[in-house]
Amino acid sequence: LLASWAFDVLHEPLLDPAAALRLRETLRLGRHLFTDSDFLQAECAALAGHAFDHTCVLPWGLAAEDTPAPRLGWRADDADPSARIILHARGFSAVHRPLHALECFRLARADDPRLRLWLAGDGPLRAEVEAAARAAGLARHVRFLGHLPAADLAGCLAEADAYFACSACDGSSLTLL
């Protein structure tokens, strides 16, 4: 039985030829696969050189058909009804580059002052990102949401006009949706 998430197959083997060799051999020997997307199932089968006897695809993240209608009402908190909400939900760790996300938002907002940034998640860089938002004069336009339960994250995705991530490396299928 093999369990694989995108990071295992799509990132590490690209950086390390020995990891790529180990991955191919492991997949070749496997008969059962548990993974998080149809795409990854196909990638694993291609790397293995055969179809698996049994597969279980359990999507990790949120499927569009499962996303509820906006119910959080957070958009109404903005005085500008034409505001455009950009959601970044990868957290405040160095690998997810939240300061880069804030800088991207600053540049985009210079072209479109209707933009608002919602930052979901927590992590070691949160205080630094909050300080950077204040220093850049963006505090009124950036909302720090903290860690959200799945239902609230689904509501945020439904309310947002766009989702983006600046991660240097990300195995989350949510980012790929």
Side-chain angles (χ1 to χ4, degrees), residues 4-12 14 35-43 57-177:
S4 180
W5 309 113
F7 186 85
D8 305 330
V9 175
L10 302 177
H11 178 70
E12 189 68 26
L14 295 176
T35 190
D36 66 346
S37 70
D38 292 332
F39 172 78
L40 195 54
Q41 177 185 356
E43 287 292 305
V57 176
L58 179 66
W60 187 79
L62 300 168
E65 62 272 11
D66 296 332
T67 305
R71 295 192 182 134
L72 299 176
W74 292 349
R75 182 181 279 277
D77 292 346
D78 197 301
D80 181 358
S82 70
R84 307 289 296 179
I85 306 300
I86 310 298
L87 175 65
H88 181 274
R90 296 307 305 141
F92 294 88
S93 298
V95 71
H96 298 302
R97 303 178 350 165
L99 289 166
H100 186 73
L102 183 66
E103 177 61 10
C104 291
F105 172 73
R106 184 190 68 75
L107 294 170
R109 186 168 160 68
D111 286 338
D112 187 349
R114 299 173 303 157
L115 295 180
R116 306 296 185 266
L117 178 61
W118 289 358
L119 295 167
D122 268 315
L125 297 178
R126 180 173 172 160
E128 187 176 348
V129 176
E130 288 175 342
R134 286 189 301 275
L138 296 172
R140 294 182 319 123
H141 311 294
V142 178
R143 186 171 190 168
F144 291 86
L145 304 173
H147 174 76
L148 298 175
D152 286 352
L153 180 57
C156 277
L157 285 164
E159 271 188 81
D161 295 295
Y163 172 85
F164 84 113
C166 295
S167 299
C169 174
D170 197 340
S172 170
S173 56
L174 177 60
T175 299
L176 301 175
L177 290 177

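Counting only heavy atoms from C-beta outward, the side chains of Glu159 and Ile85 never approach each other to under 4.5 Å.
Listed here is the closest heavy atom pair of Ala160 and Leu87: CB-CB, 3.8 Å. Arg90 approaches Tyr163 most closely through the heavy-atom pair CD-OH, 3.1 Å. In this structure, Pro98 and Gly91 approach most closely via the heavy-atom pair CB-O, 3.9 Å. Residues Arg126 and Gly121 approach most closely at NH1-O, 4.0 Å, considering heavy atoms. The minimum heavy-atom distance linking Cys166 with Ala101 is given by the pair SG-CA, 3.7 Å. The shortest heavy-atom contact between Asp161 and Arg84 is OD2-CA, 3.2 Å.
Not one N or O on the side chain of Arg134 forms a donor-acceptor pair closer than 3.5 Å with the backbone of Ala139.
To the nearest 0.5 angstrom, Ile86 atom CD1 is 10.5 Å from Arg116 atom CZ. Taken from CZ in Phe92 to CD in Glu128, the straight-line distance is 11.0 Å, to the nearest 0.5 Å. Once rounded to the nearest 0.5 Å, the distance linking CG of Leu107 with CG of Asp112 reads 13.0 Å. Note that CG of Leu117 and CG of Leu145 are 9.0 Å apart. Values are rounded to the nearest 0.5 Å. Of the inter-residue distances, the one linking Arg97 atom CZ with Leu99 atom CG reads 10.5 Å to the nearest 0.5 angstrom. In this structure, Leu102 CG and Glu130 CD are separated by 11.0 Å, a value rounded to the nearest 0.5 Å.
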* To do: For the pair His88 and Phe105, evaluate side-chain contact (heavy atoms from CB on, under 4.5 Å) and give the outcome as yes or no after the intermediate values.
  => CA-CA 10 Å; His88 181 274; Phe105 172 73; over 6 Å; no
